[in-house]
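Down below is the structure, laid out as structure tokens.
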Amino acid sequence: MKAIDNLPRSTEWSLKIVEVEGNILGADGKPLTEEVELWMCNPLDCICELMANPSFADAIAFEPQKVFDDEAGQERRFDEMWMGDWWWEVQVSQLK
């Protein structure tokens, strides 16, 4: 935990106490409940941090690309989101 606490922080953590219901019944016949801690960060802050981090500059795609597995350009690869047709369609629709 000390090593984790020493990591750099850029997004704020927030704590929410959540009551969860289990599948075991108590003496009164009602499901037992327990309060648990839910720690979370704003997902938008996390995405902004990742996109701005220079360590990931070569690993993040900001534009769609068509990647082919053959020299003739007939076999298209679809193993990343930015390689799909949807990304092309969204980018073009945003220009209209």
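Starting from 1, each residue takes its place in the sequence as its number. Below, each value reflects all heavy atoms present in this structure, side chains not excepted, and no hydrogens, waters or symmetry copies.
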- Task: Begin from the C-alpha positions of Asp45 and Glu12 and carry the test side-chain contact (heavy atoms from CB on, under 4.5 Å) through to its verdict.
- Result: CA-CA 9 Å; Asp45 291 344; Glu12 292 294 319; over 6 Å; no
Are there more than 12 heavy atoms of other residues, nucleotides or ligands under 6.0 Å from atom CG of Asp58? no
Query - Ile60 CD1: over 12 foreign heavy atoms closer than 6.0 Å - result: yes
Where do [X] and [Y] come nearest, in terms of heavy atoms and distance?
{"X": "Glu21", "Y": "Thr33", "answer": "CA-CG2, 4.1 Å"}
{"X": "Asn42", "Y": "Leu44", "answer": "OD1-N, 2.8 Å"}
{"X": "Asp70", "Y": "Glu75", "answer": "OD1-N, 2.8 Å"}
{"X": "Phe78", "Y": "Gly84", "answer": "CD2-CA, 3.9 Å"}
{"X": "Leu25", "Y": "Pro31", "answer": "CD2-N, 3.6 Å"}
{"X": "Met83", "Y": "Val67", "answer": "CE-CG2, 3.8 Å"}

(Q) Looking at Trp88, I'd like to know if the NZ or CZ of Lys66 sits under 6.0 Å from its six-membered ring centre while staying within 45 degrees of the ring's axis. (A) yes
Discussion item. Checking Trp87 against Glu89: is there a side-chain donor and acceptor pair closer than 3.5 Å?
Written reply: no
(Q) Is the shortest side-chain heavy-atom distance between Trp39 and Lys16 below 4.5 Å? (A) no
Is there a side-chain contact between Asp85 and Arg76 in this structure, where contact means two heavy atoms from C-beta onward sitting under 4.5 Å apart? yes
So OG1 of Thr11 and CG of Leu50: to nearest 0.5 Å the spacing works out to 9.0 Å
Treating Asp69 as the side-chain partner and Arg77 as the backbone partner, does any N or O pair qualify as donor plus acceptor under 3.5 Å? no
Expected output: side-chain Asn53 to main-chain Glu49 donor-acceptor under 3.5 Å = no
- Evaluate side-chain contact (heavy atoms from CB on, under 4.5 Å) for Trp82 paired with Gln65, printing each intermediate quantity in order. CA-CA 6 Å; Trp82 45 270; Gln65 294 180 11; 3.4 Å; yes
